[in-house]
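This report refers to the structure that appears directly beneath it.
Keep in mind that what you see is a predicted model, and the values were worked out from it rather than measured.
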Amino acid sequence: MPGVRSRRSGAVDLGLAFAGAFAFGCTILFSRAVARDGLAPSVALGIRFACAGLILLGVLALMRRPLLPPPGERAAAIGLGLVLYSVESTLFYLGLERGTAAAVALIFYAYPAVVALAEVVLGQARFQARTLVALLLAIVGSAIVAVGGGDVAISAAGVLCVVGSILVFSTYVLVSDRVLVRTDSLTAATWTALGAAVGVTFGGLLRGNLEAPDASTLAALLANGVATAIAFTLFFVVLGRIGATRTAIVMAMEAVTGIVLSAIFLDESIRAVVVVGGIAILSGATLAALAQPAVTHEEELTGP
């Protein structure tokens with residue numbers, strides 16, 4: 001019966017989307033755990049993205065998708081990871097060193113509203129009232145989390161790191177949309193991850209803060225890489241099945257799962273005021289997704 005098959009397919013799609021959001025939430029948990037222990041970002045992110053990139057190469061081969069970007073876009077695909085994504089992820093990680101997973105993840109999720117506004121300013125999208133509302137919700141919610149959460153939730157330096165991460169990530173989204181017009185989305189994600197691995201590792205080499213993690217920390221880093229690869233793969237599978245807008249809305253659960261997992265495994269308490277701010281931010285993210293007539297293939301990297 002077509003109706004029954006359609007409902008079953010819809011349930012499967014939704015399940016895959018939530019599984020992807022859960023995997024992204026796991027990356028927040030693993031990153032916060034090693035950041036709280038003081039592991040250098042160059043080591044934590046270098047291992048995470050190298051592991052994820054190598055796994056994604058295998059996924060590309062299994063799915064028979066292009067292993068390389070098309071000629072003319074290969075340098076751009078690697079360069080975006082090498083520069084923008086490595087800087088963005090480093091800033092996000094520095095934020096996790098200075099704030100709880102809840103505060104950092106929620107403030108970061110203001111980025112869809114920032115991207116939506118930037119596209120209006122650049123003439124890539126028409127202005128809609130919901131875009132303005134989304135931005136206001138993101139700003140107010142972020143302020144509530146940053147100020148109302150207190151120093152225990154996140155420090156002023158941590159807020160600045162997350163805001164910087166949002167700005168760099170938004171730049172990455174807008175630039176990649178212009179320079180990777182022919183590259184397969186999962187291929188772009190793969191080479192962005194590999195480029196980021198090189199970028200953060202080289203940065204750590206220049207600063208002289210590369211260090212060998214102990215066995216338990218290495219296990220967490222490898223698990224983070226696996227979770228990243230799973231999250232990216234599921235995201236792109238779901239993207240092709242239910243469309244960009246619904247995928248972006250479901251992926252807002254990424255922040256929620258990361259917060260819940262950190263509360264369970266890292267004993268990070270969540271203040272009521274942070275919950276209020278988080279609801280405002282995630283509502284803004286949902287409105288921003290609904291305001292976008294089409295989401296570009298690089299907005300897919302929802303996880304920092």
Side-chain angles (χ1 to χ4, degrees), residues 73 75-77 79-92 94-95 104-147 156 158-183 185 188-189 192 195-196 199 235 239 243-252 254-255 277-304:
E73 295 188 1
L80 284 169
L82 187 69
V83 180
L84 290 180
Y85 210 74
S86 63
V87 171
E88 180 276 323
S89 57
T90 299
L91 288 171
F92 187 89
L94 292 174
V104 174
L106 288 173
I107 294 175
F108 180 80
Y109 237 88
Y111 86 83
V114 175
V115 172
L117 180 64
E119 289 187 330
V120 171
V121 172
L122 295 172
Q124 297 179 354
R126 288 186 299 178
F127 175 78
Q128 299 182 45
R130 67 180 65 179
T131 301
L132 179 59
V133 175
L135 184 64
L136 290 175
L137 284 171
I139 292 173
V140 172
S142 297
I144 291 173
V145 173
V147 178
V159 172
L160 291 177
C161 287
V162 182
V163 170
S165 179
I166 292 171
L167 294 176
V168 177
F169 186 75
S170 299
T171 302
Y172 165 81
V173 169
L174 297 169
V175 172
S176 58
D177 182 42
R178 293 174 178 266
V179 300
L180 298 181
V181 295
R182 296 179 293 116
T183 302
S185 54
T192 293
F235 184 89
L239 186 70
T245 298
R246 285 191 290 172
T247 301
I249 292 172
V250 175
M251 281 298 169
E254 165 195 341
I279 291 172
I281 294 169
L282 295 180
S283 297
T286 301
L287 278 177
L290 292 172
Q292 308 245 353
V295 179
T296 60
H297 68 73
E298 292 314 319
E299 262 176 285
E300 307 134 358
L301 288 177
T302 60

Shortest non-hydrogen contact from [X] toward [Y]:
X: A196; Y: Y85; result: CB-CD2, 4.1 Å
X: C161; Y: L94; result: SG-CB, 3.8 Å
X: L106; Y: A255; result: CD2-CB, 4.4 Å
X: S176; Y: L80; result: CB-CD1, 3.5 Å
X: G95; Y: V162; result: CA-CG2, 4.2 Å
X: S170; Y: V115; result: OG-CG2, 3.6 Å

Inset, instruction - Let me see the working for Y109 and L282 under side-chain contact (heavy atoms from CB on, under 4.5 Å), right down to the final yes or no. - result: CA-CA 7 Å; Y109 237 88; L282 295 180; 4.0 Å; yes
Inset, instruction - Report yes or no: does T90 contribute a side-chain atom to a donor-acceptor pair with the main-chain N or O of S86 at less than 3.5 Å? - result: yes
Inset, instruction - State whether the side chain of E73 and the backbone N or O of R182 hold a donor-acceptor pair below 3.5 Å, judged by distance alone. - result: yes
Legend entry - E88 and its side-chain contact (heavy atoms from CB on, under 4.5 Å) partner, picked from T171, I166, V168, L167: V168
Inset, instruction - Sort out for me which residue in V140, V159, V104, I281 forms a side-chain contact (heavy atoms from CB on, under 4.5 Å) with V145. - result: I281
Legend entry - Distance in Å, L160 CG paired with S165 OG, rounded so as to fall on 0.5 Å steps: 12.5 Å
Legend entry - From CD1 (I144) to CD1 (I139), nearest 0.5 Å: 12.0 Å
Inset, instruction - Determine whether F108 and E254 make a side-chain contact, defined as any pair of heavy atoms from C-beta on separated by less than 4.5 Å. - result: no
Inset, instruction - Decide if the gap between the ring center of F169 and the ring center of F92 is smaller than 6.0 angstrom. - result: no
